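Structure first, commentary second.
Please read these numbers as outputs of a predicted model, since none were measured by experiment.
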Amino acid sequence: MRMLLAIGLLSAMPVMASAVEVEYTFGGTIDSGVLAPIPGVGVLQSGAEFEVKLRFDTEASDMFPDTPSIGWYTTGLATVNVDGLPQLSGTMEMFVEAFTAEPAFFVFGPFDQGDPLFFQVIVPLPGKALPSDAPPLTLPFEQSIDPFIMFQNEPDQRGTITSFSSQVIPAPAASLLLLGAGLRRRRRRP
C-alpha cells in the first residue's frame, strides 16, 4: 500500500529531469569598515565571521538570453549569517560573466522588501574559468582573485571570502524514490 502511495505521489509531481538545484556556501571574516548600526539588526563588527548560503536552480531562465557572455538570473534564495547578528534571508539576483575582460560570479541580495541589509558576493575569476554564462554547478574558487562580500550600509563594510563549497541538492522525486525503496526494504526484514 505504501509503495502505491509513493508511486501515486511521484506521478502527480511534474518531471524536470534537467533541473538541478545547487547550494553554494561562502565563509570569511568582516575585515573593513566603520562600526555602524544597521537599523533593526545590530552592529556589523570588523572581525566578525560570516557565512552566506546561496541556493538556486541551474536551469533558471537567463534574463539576457541574447548575450552569451553575461547571464542574469533572478531566482534563488540567499541566507546570510554574521556573528552577533540575526540571520537574514531572501531572494537574490545572480550574474555570471563568462567571456568578458574580467570574468566573475556576482550575487546581490536579499531583495525582499524592507530588508535592512543589502549584500554583494563578488568572485573575480581569470580568463576562461567559466565555460558559459549559465549558473555553474560549482565555481573554480581556487582560481578566484580576491573574492569578497560587501555589506552595503552607511558606511559600506567589506569581508574577505576565505572558504567555498558547493553541493547538489537531491530533487524531491529522487528523495521519494529513495524513501519508497527504504520502506520496501524495511518491510521485507523479519
Side-chain angles (χ1 to χ4, degrees), residues 10-28 50-82 87-153 156 158-177:
L10 285 174
S11 64
M13 296 177 71
V15 177
M16 293 181 63
S18 63
V20 176
E21 193 171 38
V22 174
E23 183 175 83
Y24 287 176
T25 303
F26 297 93
F50 66 85
E51 178 183 76
V52 177
K53 289 186 178 284
L54 310 173
R55 195 171 206 173
F56 60 91
D57 181 347
T58 60
E59 294 297 317
S61 296
D62 186 351
M63 301 302 287
F64 293 150
D66 297 329
T67 308
S69 60
I70 300 174
W72 175 28
Y73 307 91
T74 59
T75 182
L77 176 67
T79 305
V80 180
N81 290 297
V82 180
Q87 182 181 71
L88 299 169
S89 64
T91 56
M92 65 177 193
E93 291 190 18
M94 177 172 53
F95 289 86
V96 180
E97 292 188 2
F99 307 115
T100 61
E102 297 177 4
F105 174 82
F106 300 90
V107 173
F108 303 91
F111 280 99
D112 295 342
Q113 197 167 21
D115 283 330
L117 185 64
F118 176 77
F119 75 92
Q120 301 176 51
V121 169
I122 301 174
V123 182
L125 295 162
K128 297 181 182 180
L130 296 172
S132 76
D133 70 342
L137 289 176
T138 191
L139 288 174
F141 185 75
E142 67 284 349
Q143 297 178 35
S144 62
I145 305 160
D146 190 27
F148 67 94
I149 186 167
M150 179 71 73
F151 292 94
Q152 293 183 309
N153 186 34
D156 292 346
R158 180 183 159 130
T160 299
I161 298 172
T162 56
S163 65
F164 168 76
S165 65
S166 67
Q167 68 174 351
V168 174
I169 307 300
S175 299
L176 285 175
L177 283 174

- Just jot down the salt bridge (Lys or Arg N to Asp or Glu O under 4.0 Å) partners of E51, sequence neighbours excluded, or say none.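 Partners of E51 under the salt bridge (Lys or Arg N to Asp or Glu O under 4.0 Å) test: none.
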
Distance (rounded to the nearest 0.5 Å) between [X] [atom1] and [Y] [atom2]:
{"X": "T160", "Y": "F50", "atom1": "OG1", "atom2": "CZ", "answer": "7.0 Å"}
{"X": "N81", "Y": "K53", "atom1": "CG", "atom2": "NZ", "answer": "8.5 Å"}
{"X": "T74", "Y": "E93", "atom1": "OG1", "atom2": "CD", "answer": "6.0 Å"}
{"X": "M63", "Y": "F95", "atom1": "CE", "atom2": "CZ", "answer": "9.5 Å"}

Hey, are the side chains of [X] and [Y] touching, using non-hydrogen atoms and a 4.5 Å cut-off?
{"X": "F105", "Y": "V96", "result": "yes"}
{"X": "V22", "Y": "L54", "result": "no"}
{"X": "E21", "Y": "R55", "result": "yes"}
{"X": "D133", "Y": "Y73", "result": "yes"}

Closest heavy-atom contact between [X] and [Y]?
{"X": "P103", "Y": "P126", "answer": "CG-O, 4.0 Å"}
{"X": "E97", "Y": "I70", "answer": "CG-CG1, 4.1 Å"}
{"X": "F99", "Y": "L130", "answer": "CE2-O, 4.0 Å"}
{"X": "P65", "Y": "D62", "answer": "CD-O, 3.3 Å"}
{"X": "P124", "Y": "A104", "answer": "CA-CB, 3.9 Å"}
{"X": "S144", "Y": "L125", "answer": "CA-CD2, 3.8 Å"}

- Message: Does atom CD (E142) have a neighbourhood of more than 12 heavy atoms from anything else shown, all under 6.0 Å?
- Response: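 Count over threshold, so yes.
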
- Before giving the answer on side-chain contact (heavy atoms from CB on, under 4.5 Å), spell out for M150 and I122 the whole-Å C-alpha distance, their side-chain angles and the decisive distance to 0.1 Å. CA-CA 8 Å; M150 179 71 73; I122 301 174; 5.8 Å; no

- Task: Test I149 against F26 for side-chain contact (heavy atoms from CB on, under 4.5 Å), laying out the working first.
- Result: CA-CA 9 Å; I149 186 167; F26 297 93; over 6 Å; no

- Message: Assess the residue pair V52 and Y24 against the criterion (side-chain contact (heavy atoms from CB on, under 4.5 Å)); give the C-alpha distance rounded to whole Å, side-chain angles, the decisive distance to 0.1 Å, and a yes or no.
- Response: CA-CA 8 Å; V52 177; Y24 287 176; over 6 Å; no

- Message: Using the ring-ring contact (aromatic ring centres under 6.0 Å, His included) criterion, which residues pair with F64? Sequence neighbours excluded.
- Response: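 Result, ring-ring contact (aromatic ring centres under 6.0 Å, His included) vs F64: W72.
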
- Query: Can you list the residues that meet the ring-ring contact (aromatic ring centres under 6.0 Å, His included) rule with F141, with sequence neighbours excluded?
  - Reply: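 With neighbours one apart ignored, the set is F164.
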
